Amino acid sequence: MSAGSEAVRSLDWQRLFLGDFDLLFYAEIVLRTTLILVWLLLLLRVAGKRGVAQLSPLELALVIGLGSAVGDAMFYAEVPLLHAMLVMALVVGFQRLVAHLIISREKVETFLEGTPVELVRDGVIQLGGLSTSTLSYEDLFERLRPQGVRQLGQVQRAYFEQDGQLSVFCWSDKQAPPGLPIVPPWDLLPPAPLPRGFSGPAACLRCGRVKEVAPGEDPTSCGCGGLKWTAAVRDPLGLPEDDSGAQRPAP
């Protein structure tokens, strides 16, 4: 303890539970806790689902609020226990109130937790959804690969859920058309540009849209604005394909 500071007397019950505050300060605690929790929920909503994956904004606010209230009361002698206990009760009560509003009012749920976002439709990346979700291409591909997705043609739909998880619905291996390869990861091996004289299905590197390229044709820009193309494949790790799309033994 620094020189000149007042000594803390151990087991001072008034300091331990009440501190040197008047009763009106407890009303201030209620106001301060409410304002901070509301502000925290707003900030978590702005942070987006990527920042709070696996926890809802309400659950994360509960963890942060309780952790701060409990920790301060444990370590700082100048924080009365009754203040911390009141804050903890307010945090839990606030969580129960908001949880009730989420269940009873759909608008509250939508505002706090957002709505699912479509990221892939029929093998094509929905660029607007990707931007809204603040995900990069590698973020999306990293979440698709554990689902067994090797190329985007396998994906019928992919949704970024309210809890930050990715729901993926795929074609069967026999039904899946060729698409943009996402294996190996692009950081390790970027997709090769189309070779000169290429013919067959080509995938846009920006959105994954597939178009058939005739012999000698130079693919124009995609509808998404993308200018770069790569060969669309059914299995980037499988056997190479002939012009008809059937897999053939490697030479």
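Nothing fancy with the numbering, it's 1 onward along the sequence. These numbers come from a predicted model, not from an experiment.
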Trainee: Please determine whether residues V91 and L86 belong to a single hydrophobic cluster, defined as Ile, Leu, Val, Met, Phe, Trp and Tyr linked transitively by side-chain heavy-atom distances below 4.5 Å.
Mentor: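 Yes, V91 and L86 fall within the same hydrophobic cluster.
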
Trainee: Not counting sequence neighbours, which residues clear salt bridge (Lys or Arg N to Asp or Glu O under 4.0 Å) with D173? List them please.
Mentor: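 Counting only residues at least two positions away or on another chain, D173 forms no salt bridge (Lys or Arg N to Asp or Glu O under 4.0 Å).
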
Trainee: If you take all heavy atoms of C204 and C224, which pair is closest and at what distance?
Mentor: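 Shortest heavy-atom contact: SG-SG, 3.7 Å.
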
Trainee: Is the side chain of Y137 donor-acceptor paired with the backbone N or O of L130 at a distance under 3.5 Å, no angle test?
Mentor: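 Checked: no pair found.
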
Trainee: Taking it one step at a time, do L205 and L180 satisfy side chain to side chain contact (heavy atoms under 4.5 Å, CB included)?
Mentor: CA-CA 7 Å; L205 285 176; L180 178 68; 3.7 Å; yes

Trainee: Are L135 and Y159 connected into the same hydrophobic cluster when the rule is that any two of I, L, V, M, F, W, Y join if their side-chain heavy atoms are below 4.5 Å apart?
Mentor: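 They do not share one cluster, since no chain of ILVMFWY contacts under 4.5 Å joins Y159 to L135.
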
Trainee: Name all residues meeting the ring pair (Phe, Tyr, Trp, His ring centres under 6.0 Å) criterion together with W186; count only those two or more places apart in sequence or in a different chain, and write none if there are none.
Mentor: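 W186 satisfies ring pair (Phe, Tyr, Trp, His ring centres under 6.0 Å) with F141 only.
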
Trainee: With a sphere of 6.0 Å drawn around CZ of R96, does it hold more than 12 non-hydrogen atoms of other residues, nucleotides or ligands?
Mentor: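 No - once you tally the heavy atoms of other residues, nucleotides and ligands closer than 6.0 Å, there are 12 at most.
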
Trainee: Group every Ile, Leu, Val, Met, Phe, Trp and Tyr by side-chain heavy-atom contacts under 4.5 Å, then state whether L237 and I182 land in the same group.
Mentor: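 Yes, L237 connects to I182 through the hydrophobic network.
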
Trainee: Any side-chain heavy atom of P116 within less than 4.5 Å of one from Q162?
Mentor: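 Result yes, sub-4.5 Å side-chain heavy-atom pair found.
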
Trainee: Nearest 0.5 angstrom please: E138 CD to L140 CG, how far?
Mentor: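 Separation between the atoms: 9.0 Å.
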
Trainee: Measure the spacing between CG of L31 and CG of L90 and express it to the nearest 0.5 Å.
Mentor: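 That separation rounds to 10.5 Å.
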
Trainee: Return yes if some donor-acceptor pair links the side-chain N/O of S131 with the main-chain N/O of L127 below 3.5 Å, else return no.
Mentor: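 No.
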
Trainee: I'd like to know whether CD of E106 has more than 12 heavy-atom contacts from other residues, nucleotides or ligands below 6.0 angstrom.
Mentor: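 Atom CD in E106 is not crowded, with 12 or fewer foreign heavy atoms closer than 6.0 Å.
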
Trainee: Are V149 and V124 linked, directly or through intermediate hydrophobic residues, by side-chain heavy-atom contacts shorter than 4.5 Å (ILVMFWY only)?
Mentor: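 No; tracing contacts between hydrophobic side chains, which count when under 4.5 Å, never links both residues.
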
Trainee: Applying side chain to side chain contact (heavy atoms under 4.5 Å, CB included), run through V117 and E161 and close with a yes or a no.
Mentor: CA-CA 7 Å; V117 179; E161 301 289 358; over 6 Å; no

Trainee: Hey, are the side chains of T220 and K211 touching, using non-hydrogen atoms and a 4.5 Å cut-off?
Mentor: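 Contact flag for T220/K211 side chains = yes.
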
Trainee: With rounding to the nearest 0.5 Å, note down the distance linking SG in C170 to CD in Q175.
Mentor: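 The distance works out to 11.5 Å.
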
Trainee: Might you point out which heavy atoms bring R157 and R121 nearest each other, and give the distance in Å?
Mentor: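 Closest approach of R157 to R121: NH2-NH1, 3.1 Å.
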
Trainee: Quick one: salt bridge (Lys or Arg N to Asp or Glu O under 4.0 Å) partners of R209, sequence neighbours excluded?
Mentor: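 Salt bridge (Lys or Arg N to Asp or Glu O under 4.0 Å) list for R209, sorted by chain: empty.
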
Trainee: Can you name the nearest heavy-atom pair linking E118 to Q126, along with the distance?
Mentor: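 In terms of heavy atoms, the two residues are closest at O-CB, 3.5 Å.
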
Trainee: Once rounded to the nearest 0.5 Å, what's the spacing between atom SG of C222 and atom NZ of K228?
Mentor: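 Answer rounded to 0.5 Å: 14.5 Å.
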
Trainee: Can you give me the closest heavy-atom contact between L166 and R143, atom names plus distance?
Mentor: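 Heavy atoms of L166 and R143 come nearest at CD2-CB, 3.5 Å.
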
Trainee: Do you know which two heavy atoms are closest between F198 and P201, and how far apart they sit?
Mentor: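 Heavy-atom minimum between the residues: CZ-O, 3.4 Å.
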
Trainee: Take L144 and L152, measure what side chain to side chain contact (heavy atoms under 4.5 Å, CB included) needs, and give me the verdict at the end.
Mentor: CA-CA 9 Å; L144 288 173; L152 290 184; 3.7 Å; yes

Trainee: Minimum heavy-atom separation for R150 to P236, with atom names?
Mentor: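 Smallest heavy-atom distance, with atoms named: O-CG, 3.4 Å.
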
Trainee: Could you tell me whether the side chain of T230 and the main chain of A203 form a donor-acceptor pair under 3.5 Å?
Mentor: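 Looks like no, no N/O pair under 3.5 Å.
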
Trainee: Do W229 side-chain atoms and V210 backbone N/O form a donor-acceptor pair below 3.5 Å?
Mentor: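 No, because the side chain of W229 does not come within donor-acceptor range (under 3.5 Å) of the backbone of V210.
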
Trainee: Has Q151 got a side-chain atom pairing as donor or acceptor with P177's backbone, closer than 3.5 angstrom?
Mentor: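 Yes, the answer is positive, given that a donor and an acceptor are paired below the 3.5 Å cut-off.
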
Trainee: What's the verdict on side chain to side chain contact (heavy atoms under 4.5 Å, CB included) for V155 and Q147, showing C-alpha distance, side-chain angles and the deciding distance?
Mentor: CA-CA 10 Å; V155 182; Q147 309 284 340; over 6 Å; no

Trainee: Around R105, counting heavy atoms of other residues, nucleotides and ligands shown, do more than 12 lie under 6.0 Å from its CZ?
Mentor: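 No.
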
